[in-house]
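One structure is given here, and the rest of the page talks about it.
Below, chains carry the letters A, B, ... as their sequence lines are ordered, and counting in each starts from 1. Treat the numbers as computed from the prediction; the structure is a model and nothing was measured.
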2 protein chains.
Amino acid sequence: MNPIDTRVKSEYKAKRLPRIMLSDRIKEYVVEAVLSGELKPGDRLVESELARQLGVSQAPVREALRDLVLLGFLVSEPYKGTSVRSFTYEELWETYTVRAALESLAARLAASQLTDAAKEELQTILDEMMEAARQRDMDRIVQLDNKFHETIIKNSGNRTLYQLWKTLQYGTWSIVTYRKTTYEPVYLAARHKELLEALKSGDPEKASHVMQRHIEDMGKPPSRVELENNHSWRMNG
Amino acid sequence: MNPIDTRVKSEYKAKRLPRIMLSDRIKEYVVEAVLSGELKPGDRLVESELARQLGVSQAPVREALRDLVLLGFLVSEPYKGTSVRSFTYEELWETYTVRAALESLAARLAASQLTDAAKEELQTILDEMMEAARQRDMDRIVQLDNKFHETIIKNSGNRTLYQLWKTLQYGTWSIVTYRKTTYEPVYLAARHKELLEALKSGDPEKASHVMQRHIEDMGKPPSRVELENNHSWRMNG
DNA sequence: TAAGATTGGATTATCGATAATCGTTTATTG
DNA sequence: CAATAAACGATTATCGATAATCCAATCTTA
């Protein structure tokens, strides 16, 4: 909403770090707008309009949008325009299937090399999740859930895997809302406890298997009707 | 090398299809230059220079380079520049690990729903591969190998999986050369035959398992020395 | 002389303006 | 009146030019 403050160096005269490009900040802005619900699936993103709103030129806006298209966050057609991606029911399910494969691989790799520090980190996240569950703070739970999984992937030691996983996450922001309305918070937390124990056991196959089941269960769709009610379904079909 | 011919509409006055953007053509050009060896890992790609060579402005060149960076084909640093990505030994191995996970999932999915047409297509590719092996045409083998795997992924029916797999392929062009020098052509073809039979059996678990082993075996690195000789190793470290 | 400041050339990031294309609306014509 | 063609407004794709940043070389200065 607010124009981006383009003054960067005036504060310190080259703060030595802030090679922050406008396009990156614009990306963040757009992502935030989508995640907050300000922009809905199918909503159009006009380059010149965005540029005007943010007080920048068309170029960095265009770059930001292109990046987000590549990440599966937006969709675009040549000479026509860019809009917020909307997911079909099938695409959501597909994503869960792929995530299950990637994360069970991550669990397999992580199980045999999990440091004490990592175990502790996961335990902390889990504890916080339990607490959030008691307070029925769904936003917090979803956030912690994501952090939990990300921590596991990172501890797989496979950076290519992490990279790929992240792009997949970008492409599935809508699942957040989706899952939020679906599961009991305490149940969610309990499932993660099971997962952590499998990891701690150090048995790669066990960890892999539990993770596989974990993701697929979480992805099991409620009735199509419920999904449709929570989302702008195929608005840009 | 040659300037891109920007005349598009003069030929037919809007040929109804060719919404071909310059940036796409530039992408192809750069990819081709890298695959052909004209550009080597670590080589710098200067926007204005490329623009001049191709007879276009900086904007579409910049977009092309950004896209290829997102695809893992190039690397860039803000305000510094873009260059051809070079892979560490570890990154190559990581890629194989992830590919194994993705493709074994694809095999699992494809096994239970493989159409007769698909079986035939795979068989045809395999036959051609056998023939190419007899003629020791390594370029052709690598090409067919890729086609074989791509066909399987497509027949998994999971478009998200296919999408993700493709970006991974982009990021691993160097493996082509790498593998080419590594395996016996006839052996390669034989391994694919085994794979196809597992798929034809219709047993998802078997197909998945054979695929997993297939990829990991193919990825088993020869001595580090050999790899270093075939590539510009960490030229841009 | 060596550490730090400064300058200059090269390149990227951003800008403002123009050309190309799209979708729709309006005109044409049989 | 229906179907096609022409014109328009909106938006994207591309351009040429400028500002910001990097890097290396030169210049201080203690």
Side-chain angles (χ1 to χ4, degrees), chain A residues 3-30 42-70 74-84 236-237, chain B residues 3-30 42-70 74-84 236-237:
Chain A
I4 290 183
D5 183 0
T6 52
R7 294 167 310 172
V8 168
K9 58 179 183 191
S10 35
E11 299 172 7
Y12 247 100
K13 180 60 189 290
K15 234 176 81 184
R16 226 14 119 234
L17 246 309
R19 299 96 59 95
I20 305 170
M21 292 182 296
L22 279 180
S23 54
D24 283 339
R25 305 225 263 142
I26 296 167
K27 267 201 288 195
E28 283 176 28
Y29 172 81
V30 172
D43 280 359
R44 188 75 185 288
L45 287 155
V46 176
E47 294 173 2
S48 49
E49 174 71 9
L50 257 175
R52 194 181 52 70
Q53 281 180 18
L54 301 174
V56 300
S57 83
Q58 199 187 342
V61 171
R62 188 175 166 77
E63 290 190 352
L65 296 186
R66 273 181 86 83
D67 279 9
L68 293 176
V69 167
L70 267 287
L74 309 175
V75 292
S76 76
E77 287 222 63
Y79 288 109
K80 291 172 92 177
T82 307
S83 51
V84 180
N236 60 351
Chain B
I4 290 182
D5 183 1
T6 51
R7 294 168 309 174
V8 168
K9 57 177 184 194
S10 32
E11 299 171 8
Y12 245 101
K13 179 62 188 286
K15 234 176 79 183
R16 222 35 184 154
L17 246 308
R19 300 93 62 92
I20 305 170
M21 291 182 296
L22 278 181
S23 54
D24 284 339
R25 306 224 264 142
I26 297 166
K27 266 200 288 195
E28 283 175 29
Y29 172 81
V30 172
D43 280 0
R44 190 72 186 289
L45 288 155
V46 176
E47 293 172 3
S48 49
E49 174 71 9
L50 258 175
R52 192 181 53 69
Q53 280 180 19
L54 301 174
V56 300
S57 83
Q58 198 187 342
V61 171
R62 189 175 165 77
E63 290 190 352
L65 296 185
R66 273 181 86 85
D67 279 9
L68 292 176
V69 166
L70 267 286
L74 307 175
V75 293
S76 76
E77 286 223 63
Y79 288 108
K80 290 172 92 177
T82 306
S83 50
V84 180
N236 61 352

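Here D:dT14 presents its P atom at 12 Å from NZ of B:Lys27, a figure rounded to the nearest Å. One interatomic measurement links the two molecules: CE of B:Met21 to P of D:dT14, which rounds to 6 Å at whole-angstrom precision. When rounded to the nearest whole Å, the span between CZ of B:Arg52 and P of D:dG16 equals 14 Å. Between the CZ atom of A:Arg66 and the P atom of C:dA13 there is a distance of 15 Å, rounded to whole Å. Separating the CG atom of B:Leu50 from the C1' atom of C:dT12 is a distance of 14 Å, rounded to the nearest angstrom. One atom, CD of B:Glu63, and another, P of C:dA13, lie 13 Å apart when rounded to the nearest Å. Between B:Ile20 atom CD1 and D:dT14 atom P there is a gap of 11 Å when expressed in whole angstrom units. Atom CG in A:Leu22 sits roughly 16 Å away from atom P in D:dA19 (whole-Å rounding).
Nearest-nucleotide mapping onto DNA chain D: of A:Ala59 and A:Leu65, the residue sitting toward the 5' end is A:Leu65.
Proximity of A:Ser57 to the phosphate of C:dC15: a side-chain N or O atom is located under 4.0 Å from OP1 or OP2. Distances shown here put a side-chain N or O of B:Arg62 below 4.0 Å from the OP1 or OP2 atom of C:dA13.
Between A:Ser57 and A:Val61, the shortest heavy-atom contact is O-CG2, 3.6 Å. Shortest non-hydrogen contact noted between B:Ser83 and B:Gly42 is CB-O, 3.7 Å.
Evaluation of the side chain to side chain contact (heavy atoms under 4.5 Å, CB included) rule for A:Ser48 yields A:Val46 as partners, not counting sequence neighbours. Residues passing the side chain to side chain donor-acceptor pair (under 3.5 Å) test with A:Glu47 are A:Gln58, A:Arg62, sequence neighbours excluded. Applying the side chain to side chain contact (heavy atoms under 4.5 Å, CB included) rule to A:Leu45 yields the partners A:Val30, A:Leu39, A:Leu50, A:Leu65, A:Leu74, A:Val84; only residues at least two apart in sequence or on another chain are considered. Under the side chain to side chain donor-acceptor pair (under 3.5 Å) criterion, A:Glu28 pairs with no residue at all, not counting sequence neighbours.
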Show each protein N/O and nucleotides 7-11 of chain C N/O combination with a separation under 3.5 Å, one pair to a line.
residue: C:dT11; atom: O3'; partner: B:Arg44; partner atom: NH2; Å: 3.3

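For B:Pro60, taking side-chain heavy atoms from C-beta onward, the closest of the listed nucleotides C:dT14, D:dC15, C:dC15 is D:dC15. Distances were taken from every side-chain heavy atom of A:Gln58 (C-beta onward) to each of C:dC15, C:dA13, D:dA13; the shortest belongs to D:dA13.
By the 4.0 Å N-to-carboxylate-O rule, A:Arg66 lies too far from A:Glu63 to be salt-bridged with it.
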